[in-house]
Amino acid sequence: QVQLVESGGGLVQAGGSLRVSCAASGRTFSNYIMGWFRQAPGKEREFVAGISWNGGKTYYTDSVKGRFTISRDNAKNTMYLEMNSLKPEDTAVYYCAARYSAAPYIYTDYSAYAYWGQGTQVTVSS
């Protein structure tokens with residue numbers, strides 16, 4: 001199995017930028033489809049962005065399109081989420097997730113991912 005650890009969260013003002021990272025260990029990172037999810041207090045966990053095993057395919061939820069960029073570096077076993085033009089409604093705990101698959105498909109349902117990190121808090125002040 002793969003172990004995931006997020007980092008890079010913090011407090012930022014609205015309009016600012018932040019990059020969160022997800023470091024993987026344990027198994028071959030390139031064998032996994034990766035995703036970012038977030039959960040705000042009192043809300044369900046929601047899909048943010050996903051990336052295929054080789055980075056060739058990405059997908060974003062509508063609310064972050066044009067502002068967030070997902071990427072991965074398989075040589076470093078790390079995935080990233082670059083977040084720009086942040087809004088207070090982006091405030092949440094951000095989780096990275098992994099699914100063992102080489103299919104050119106992005107899963108948006110959290111139940112499709114078997115492995116999860118512990119989460120990193122992102123707070124955007126107005």
Side-chain angles (χ1 to χ4, degrees):
Q1 63 180 23
V2 63
Q3 291 80 42
L4 305 172
V5 178
E6 301 95 336
S7 62
L11 174 64
V12 63
Q13 289 188 332
S17 298
L18 205 61
R19 187 178 80 163
V20 291
S21 302
C22 173
S25 62
R27 288 291 183 97
T28 304
F29 183 58
S30 59
N31 286 342
Y32 293 83
I33 293 170
M34 300 296 296
W36 284 102
F37 289 75
R38 65 187 179 187
Q39 187 166 20
K43 295 188 177 182
E44 292 187 352
R45 190 169 299 190
E46 66 169 346
F47 172 83
V48 176
I51 189 166
S52 60
W53 70 273
N54 63 351
K57 186 176 179 66
T58 59
Y59 185 76
Y60 301 88
T61 192
D62 285 346
S63 63
V64 308
K65 283 180 181 177
R67 300 189 298 122
F68 290 12
T69 302
I70 188 171
S71 62
R72 66 189 295 167
D73 185 337
N74 286 347
K76 295 182 178 180
N77 294 340
T78 304
M79 175 179 65
Y80 306 96
L81 185 67
E82 185 75 35
M83 302 181 288
N84 298 313
S85 302
L86 282 161
K87 305 175 181 180
E89 51 264 42
D90 294 317
T91 295
V93 177
Y94 282 70
Y95 298 91
C96 67
R99 175 184 173 93
Y100 185 81
S101 175
Y105 182 77
I106 306 299
Y107 296 83
T108 60
D109 190 331
Y110 71 86
S111 65
Y113 294 83
Y115 306 102
W116 292 84
Q118 82 290 348
T120 185
Q121 177 70 47
V122 172
T123 303
V124 184
S125 63
S126 57

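Reckoned from all heavy atoms, side chains included, excluding hydrogens, waters and symmetry mates. Remember, predicted model here, so these are calculated numbers, not experimental data. Sequential numbering from 1 along the given sequence is applied to the chain's residues.
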>> Between Glu44 and Tyr110, does the side-chain contact (heavy atoms from CB on, under 4.5 Å) criterion hold? Intermediate values first, please.
In response: CA-CA 10 Å; Glu44 292 187 352; Tyr110 71 86; over 6 Å; no
>> Apply side-chain contact (heavy atoms from CB on, under 4.5 Å) to residues Tyr95 and Leu4 and explain how you reach the verdict.
In response: CA-CA 9 Å; Tyr95 298 91; Leu4 305 172; over 6 Å; no
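Smallest separation of non-hydrogen atoms from Ser30 and Asn74: CB-ND2, 3.4 Å. Contact record, Ile70 with Trp36: CD1-CD1, 3.6 Å, taken as the closest heavy-atom pair. Between Gln121 and Ala92, the shortest heavy-atom contact is NE2-O, 3.4 Å. The shortest heavy-atom contact between Met34 and Ala98 is SD-CB, 3.5 Å.
Residue Leu81 is grouped with residue Val2 when hydrophobic side chains (ILVMFWY) are merged at heavy-atom distances under 4.5 angstrom, including chains of intermediate members. Linking ILVMFWY residues whenever their side-chain heavy atoms come closer than 4.5 Å, directly or via other members, places Ile51 and Phe68 in the same cluster. Linking ILVMFWY side-chain heavy atoms closer than 4.5 Å, directly or via other members, places Met79 and Phe47 in two distinct hydrophobic clusters. Taken together through direct or relayed side-chain contacts under 4.5 Å among Ile, Leu, Val, Met, Phe, Trp and Tyr, Tyr60 and Val48 form part of one hydrophobic cluster.
In this structure, the side chain to side chain contact (heavy atoms under 4.5 Å, CB included) partners of Glu89, at least two apart in sequence or on a different chain, are Lys87. The side chain to side chain contact (heavy atoms under 4.5 Å, CB included) search around Ala97 returns Phe37, Tyr113, Trp116, not counting sequence neighbours. With sequence neighbours excluded, no residue forms a side-chain hydrogen bond (donor to acceptor under 3.5 Å, both in side chains) with Arg19. Ser111 meets the side-chain hydrogen bond (donor to acceptor under 3.5 Å, both in side chains) test with Asp109; sequence neighbours excluded. Partners of Val124 under the side chain to side chain contact (heavy atoms under 4.5 Å, CB included) rule, at least two apart in sequence or in another chain, are Val12, Ala14, Leu86, Pro88, Asp90, Thr91, Val122. In this structure, Ala114 has no side chain to side chain contact (heavy atoms under 4.5 Å, CB included) partners at least two apart in sequence or on a different chain. In this view, Ser85 satisfies the side-chain hydrogen bond (donor to acceptor under 3.5 Å, both in side chains) rule with no residue, not counting sequence neighbours. For the salt bridge (charged side-chain N to carboxylate O under 4.0 Å, His left out) test, residues two or more places apart in sequence or in another chain that qualify with Glu46 are Arg38. The side-chain hydrogen bond (donor to acceptor under 3.5 Å, both in side chains) check on Ser17 picks up Asn84, with sequence neighbours excluded.
The side-chain contact (heavy atoms from CB on, under 4.5 Å) test with Arg99 is passed by exactly one of Tyr32, Tyr107, Tyr105, Tyr115: Tyr107.
For residues 48-63, the salt bridge (charged side-chain N to carboxylate O under 4.0 Å, His left out) pairs, not counting sequence neighbours, are Asp62-Lys65. Pairs of residues two or more places apart, or lying in two chains, never qualify as disulfide (SG to SG under 2.5 Å) while including a residue from residues 31-65.
Remark: Gln118 CD is packed, more than 12 non-hydrogen atoms of other residues, nucleotides or ligands lying under 6.0 Å away.
Side-chain N or O atoms of Arg72 include none that pairs as donor or acceptor with a backbone N or O of Ile33 at under 3.5 Å.
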N/O donor to acceptor pairs below 3.5 angstrom from side-chain atoms of residues 20-27, sequence neighbours left out:
none

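Within the 4.5 Å cutoff, the side chain of Ser7 has no heavy atoms near those of the Thr120 side chain.
Looking only at atom types and distance, the side chain of Ser71 has no donor-acceptor partner in the side chain of Asp73 under 3.5 Å away.
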